S.K.: 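Structure provided below as structure tokens; questions to follow.
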Amino acid sequence: MKADMFTQEELRNLPRKGTPQPADHTQHAFYGRDILSVDQFNREDLTYIFRVAEEMRAMVKRFGSVDLLQGKVLANLFYEPSTRTSASFMAAMQRLGGQVIPINNVQYSSVAKGESLPDTVRTLEQYADVIVLRHPEVGAAAVAARYARKPIINAGDGIGEHPTQALLDLFTIYDELGTIDGLKIAMVGDLKYGRTVHSLTKLLLLYRVEFYFVSPPILRMPETILQRVRATDQPYTETDNIHDIIREVDVLYVTRVQKERFEDLSEYEAVKDYYVVDTELMRQAKERMIVMHPFPRVGEISYAVDSDPRAAYFRQIENGMYIRMALLAAVLGKA
Ligand code: NCD
């Protein structure tokens, strides 16, 4: 799907889709736009999204839901398994008063009959105002966006990007630690196939941070991302030893080894239990720091760590809904 992908320049200037709305609805940078990559965001955009997410949180705590997106319909199209991304988009839409068409089991849809992605999205946009898409191929969201007249939101394209996860991750760091600039941030685990760490690293390049990329040698951060880090002169260290860095870090972002991306399962078996964050390791970490994980976890963080106040991963999951509410409101022009 490479040929259909957008350049960084194109991503920053994606056209608005759909029919123009009254002026006040078209003011938002994201109104009517696809959300395909973190390359679309600048710091001002993030400040804006975070502010709206905070408002969404206050609103949910107070009222549970509102009617901001009443009359709007979201199609949730998932070609890969999902719990959080899928459910949080649905919850986000419903709490804003909108409706959802959930297509989580594509094996029971016409995809199983051989329908192409362009035809599927051009069908769903006849019913919906926005399409959230997760797909196993890098660039799938870009392909969908080329064909669709309604906005596409990338909910993960293979090992490519997961922009909405990166937004909620960054929001969580800011919410928990009060800043992003100056932090020491370690990403641990499968940095090769983990799309969340690809998107998060790129987004963090808008700030001044110090990176620690901690992975088994065969799961290192891709060179294309390292090049981007070097181009901004942000310091980074690569290591396979979590003990080297645990005392230093403000954020420990742990990831699952992405079993489904391995061609050779014996390679997966060799690295799957490489890191386990347990209470013993946490004793060496700073008092003020956080542990994050996009989830699902499959053994990388022991359950005993859950009661540690530094374990931020369930708060991170909650934040996902507020960030997605903010995004849906912005894209549909009602933020
Ligand atoms: C992640 C994903 O799908 O990339 N999950 C998520 O969206 N929260 C991480 C993973 O699957 O390991």
Side-chain angles (χ1 to χ4, degrees), residues 35-38 53 74 76-93 102-106 132-141 152-173 186-204 213-216 219 221-222 225 251-262 265 267-268 271-277 290-301 306 311-325 327-328:
I35 306 287
L36 304 179
S37 160
V38 291
L74 160 90
N76 223 21
L77 177 60
F78 281 67
Y79 290 72
E80 280 190 343
S82 172
T83 299
R84 278 147 292 273
T85 307
S86 154
S88 64
F89 265 114
M90 289 176 68
M93 193 63 182
I103 304 191
N104 289 65
N105 296 308
V106 286
V132 172
L133 173 70
R134 169 170 290 187
H135 194 282
E137 281 178 64
V138 176
I152 299 288
I153 300 181
N154 182 4
D157 60 330
I159 64 168
E161 280 220 35
H162 196 345
T164 67
Q165 178 74 39
L167 291 176
L168 78 90
D169 291 341
L170 197 72
F171 178 67
T172 300
I173 296 172
M187 300 188 194
V188 180
D190 188 345
L191 308 185
K192 180 178 180 187
Y193 297 122
R195 55 193 170 200
T196 70
V197 286
H198 300 163
S199 287
L200 181 58
T201 301
K202 287 200 252 175
L203 206 50
L204 283 166
F213 298 128
V214 185
S215 73
L219 297 178
M221 187 62 93
I225 307 252
V251 176
L252 189 71
Y253 188 100
V254 186
T255 65
R256 165 182 79 91
V257 179
Q258 309 272 303
K259 182 178 183 182
E260 67 276 29
R261 315 283 182 210
F262 282 74
L265 269 188
E267 280 192 2
Y268 166 75
V271 292
K272 72 179 177 22
D273 299 320
Y274 215 89
Y275 304 106
V276 178
V277 175
I290 53 170
V291 183
M292 298 175 66
H293 193 306
F295 269 41
R297 68 174 150 183
V298 287
E300 313 80 40
I301 304 178
D306 297 357
Y313 29 89
F314 291 108
R315 299 190 291 273
Q316 181 185 357
I317 289 169
E318 180 185 346
N319 289 338
M321 184 173 75
Y322 306 134
I323 283 288
R324 288 171 176 133
M325 290 172 80
L327 273 180
L328 287 173

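Counting from 1, the numbers follow the sequence of the chain as shown. Counting starts at 1 for both ligands and their atoms, following the listed order. Just so we're clear, the structure is a prediction, and the values are computed from it rather than from any experiment. Basis for what follows: all heavy atoms, side chains included, without hydrogens, waters or symmetry-related copies.
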S.K.: Examine P296 against ligand 1 and note whether any of their N/O atoms are separated by less than 3.5 Å.
M.R.: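 In this structure, P296 places no N or O atom under 3.5 Å from an N or O of ligand 1.
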S.K.: Quick one: closest heavy-atom pair of P163 and S199, and the distance?
M.R.: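 Smallest interatomic distance, heavy atoms only, reads N-OG, 3.8 Å.
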S.K.: Under 3.5 Å, side chain of D157 to main-chain N/O of G139, donor-acceptor pair present?
M.R.: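 Between the backbone of G139 and the side chain of D157 there is a qualifying donor-acceptor contact (under 3.5 Å).
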S.K.: Please write down residue, atom name and distance for the protein heavy atom closest to atom 8 (N) of ligand 1.
M.R.: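 So the nearest neighbour among protein heavy atoms is P294 O, 2.9 Å.
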S.K.: Does any non-hydrogen side-chain atom of I225 lie less than 4.5 Å from one of K202?
M.R.: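 K202 vs I225: side chains touch.
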S.K.: What atoms of ligand 1 come within less than 4.0 Å of a heavy atom belonging to T85?
M.R.: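 Listed by number with element: 6 (C), 7 (O).
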S.K.: Please report the C-alpha distance between R261 and R195 in whole Å, then the side-chain angles of each, then the deciding distance to 0.1 Å, and finally whether the side chain to side chain contact (heavy atoms under 4.5 Å, CB included) criterion is met.
M.R.: CA-CA 11 Å; R261 315 283 182 210; R195 55 193 170 200; 3.3 Å; yes
S.K.: Under 3.5 Å between any N/O of R134 and any N/O of ligand 1: does that happen in this structure?
M.R.: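 Yes; at least one N/O pair falls below 3.5 Å.
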S.K.: Atom 12 (O) of ligand 1: which of R297, R256, E300 has the nearest heavy atom?
M.R.: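 The option holding the nearest heavy atom is R256.
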S.K.: Under the side chain to side chain donor-acceptor pair (under 3.5 Å) test, which residues partner D306, sequence neighbours left out?
M.R.: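 Counting only residues at least two positions away or on another chain, D306 forms a side chain to side chain donor-acceptor pair (under 3.5 Å) with R297, Y313.
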S.K.: Considering only heavy atoms, does Q258 approach ligand 1 within less than 4.0 Å through its side chain, its backbone, both, or neither?
M.R.: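 It is the side chain that touches ligand 1; the backbone stays farther off.
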S.K.: For atom 3 (O) of ligand 1, which candidate among H162, R195, Q165 provides the closest heavy atom?
M.R.: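 That would be R195.
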S.K.: In terms of atom number and element, which parts of ligand 1 are under 4.0 angstrom from non-hydrogen atoms of F295?
M.R.: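 Listed by number with element: 1 (C), 5 (N), 6 (C), 8 (N), 9 (C), 10 (C).
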S.K.: Do E260 and E80 have side chains that approach each other closer than 4.5 Å (heavy atoms only, starting at C-beta)?
M.R.: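 A side-chain contact is absent here, since even the closest heavy-atom pair is not under 4.5 Å.
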S.K.: Where on T255 is there a heavy atom closer than 4.0 Å to ligand 1, on the side chain, on the backbone, on both, or on neither?
M.R.: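 It is neither; nothing of T255 touches ligand 1.
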